[in-house]
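Sequence positions, counted from 1, serve as the residue numbers for this chain.
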Amino acid sequence: MVQNSKLLLLAQIREIYERVVFTHKTHEKCADRYAQQNKNFRLAQLVLSALISSGLVAIILTDQFWVEIITAIISFILLCINSYLKDFNLASEVEKHNTAAKDVLNIREKYFSLIRDIMADEEPISELVKRRDLLQDELSTTYHNLPRTTSKDYDKARKALLENDEFTCREEEINALLPESFKMTEISNASH
């Protein structure tokens, strides 16, 4: 009966772990989206400001009516962008989602450790359930404080995780980052 309880607990924790991995990656993708938007808007502000300055110089030097119209249109576009950015701080959104991703990453690693501990079968089920419950409370509090994401962010996270293997580490990739004495092939060979 205890073994069956551990299998059920493991199944539950694995499912929660999957959701936490997706939440983490979704916030990373959302931060990336806001960062790109911020970069694009800042570049647009710079280019439009340069065009307005050039237009003002051209108005002074040439006194052409069409230059005045184009400069006025560009000024209006810049005003719209500045108004949008005044009310919506993209850099702040990037920071919020980066912080959210870091908070969820910490919980993700705790769930990963819990999976390991359940599979190692070294702790009684009662201790594992206590850890699960504490972790669930922590996750609930963290989720309650997370900023909103979009379905577009989730779709990008899904693609990153399932198609682009952004979260998966292969044995050869891990080994490439470790000194020779810590590589799994070395440990496997040493145990034989």
J.: Quick one: do Leu134 and Leu128 end up in the same hydrophobic cluster if we chain Ile, Leu, Val, Met, Phe, Trp and Tyr together by side-chain heavy atoms under 4.5 Å apart?
T.: no
J.: How many angstroms lie between CD in Glu28 and NE2 in His97, if you round to the nearest 0.5 Å?
T.: 12.5 Å
J.: If I take atom CG from residue Leu8 and atom CD1 from residue Ile125, how far apart are they, to the nearest 0.5 angstrom?
T.: 8.5 Å
J.: Keeping Ser140 on the side-chain end and Gln136 on the backbone end, is there a donor-acceptor pair under 3.5 Å?
T.: no
J.: At what distance, to the nearest 0.5 angstrom, does CD of Glu123 lie from CG of Leu114?
T.: 8.0 Å
J.: Ile73 and Ile70: same hydrophobic cluster, using ILVMFWY side-chain contacts below 4.5 Å?
T.: yes
J.: Would the number of heavy atoms belonging to other residues, nucleotides or ligands and lying under 6.0 Å from CZ of Phe88 be above 12?
T.: yes
J.: Would you mind writing out the side-chain donor-acceptor pairs for residues 79-86 within the sub-3.5 Å range, not counting sequence neighbours?
T.:
| from | atom 1 | to | atom 2 | distance (Å) |
| --- | --- | --- | --- | --- |
| Asn82 | OD1 | Gln45 | NE2 | 2.5 |
| Asn82 | ND2 | Leu78 | O | 3.4 |
| Ser83 | OG | Leu79 | O | 2.9 |

J.: Shared ILVMFWY cluster between Phe65 and Leu56, side chains joined below 4.5 angstrom?
T.: yes
J.: Minimum heavy-atom separation for Lys6 and Ile118, please, with both atom names.
T.: O-CG2, 3.8 Å
J.: When rounded to the nearest 0.5 angstrom, what distance separates OG1 in Thr99 from CG in Asn145?
T.: 12.0 Å
J.: Are Leu51 and Val57 linked, directly or through intermediate hydrophobic residues, by side-chain heavy-atom contacts shorter than 4.5 Å (ILVMFWY only)?
T.: no
J.: Can you check whether Asn38 reaches Tyr34 side chain to side chain, under 4.5 Å on heavy atoms?
T.: no
J.: Is any side-chain heavy atom of Glu93 closer than 4.5 Å to a side-chain heavy atom of Cys30?
T.: no
J.: Between Arg19 and Glu15, does any NZ, NE, NH1 or NH2 come within less than 4.0 Å of an OD or OE carboxylate oxygen?
T.: yes
J.: Given side chain to side chain contact (heavy atoms under 4.5 Å, CB included), test Asp117 with Arg131 step by step and report yes or no.
T.: CA-CA 11 Å; Asp117 293 344; Arg131 285 178 55 197; 2.7 Å; yes
J.: Starting at CG of Leu139, measure out to CD1 of Ile107 and round the result to the nearest 0.5 Å.
T.: 5.0 Å
J.: Check whether Ile60 and Ile52 end up in the same hydrophobic cluster, where Ile, Leu, Val, Met, Phe, Trp and Tyr are linked by side-chain heavy atoms less than 4.5 Å apart.
T.: no
J.: By the definition side-chain hydrogen bond (donor to acceptor under 3.5 Å, both in side chains), identify the one residue from Gln37, Gln36, Arg42 that meets it with Asn40.
T.: Gln36
J.: Contact between Glu18 and Arg14 at the side-chain level, heavy atoms closer than 4.5 Å - yes or no?
T.: no
J.: I need the minimum non-hydrogen distance between Val67 and Ala58, along with the two atoms involved.
T.: CG1-CB, 3.7 Å
J.: How many angstroms lie between atom NZ of Lys29 and atom CG of Asp153, to the nearest 0.5 angstrom?
T.: 10.0 Å
J.: Any non-hydrogen side-chain atom of Leu135 less than 4.5 Å from a side-chain atom of Arg132?
T.: no
J.: Would you please say whether a donor-acceptor pair under 3.5 Å links the side chains of Thr23 and Tyr143?
T.: yes
J.: Taking distance alone, no hydrogens or angles, what donor-acceptor pairs closer than 3.5 Å link side-chain atoms of residues 154-162 to residues at least two apart or in another chain?
T.:
none

J.: Under 4.5 Å between any side-chain heavy atoms of Asn106 and Lys110, yes or no?
T.: yes
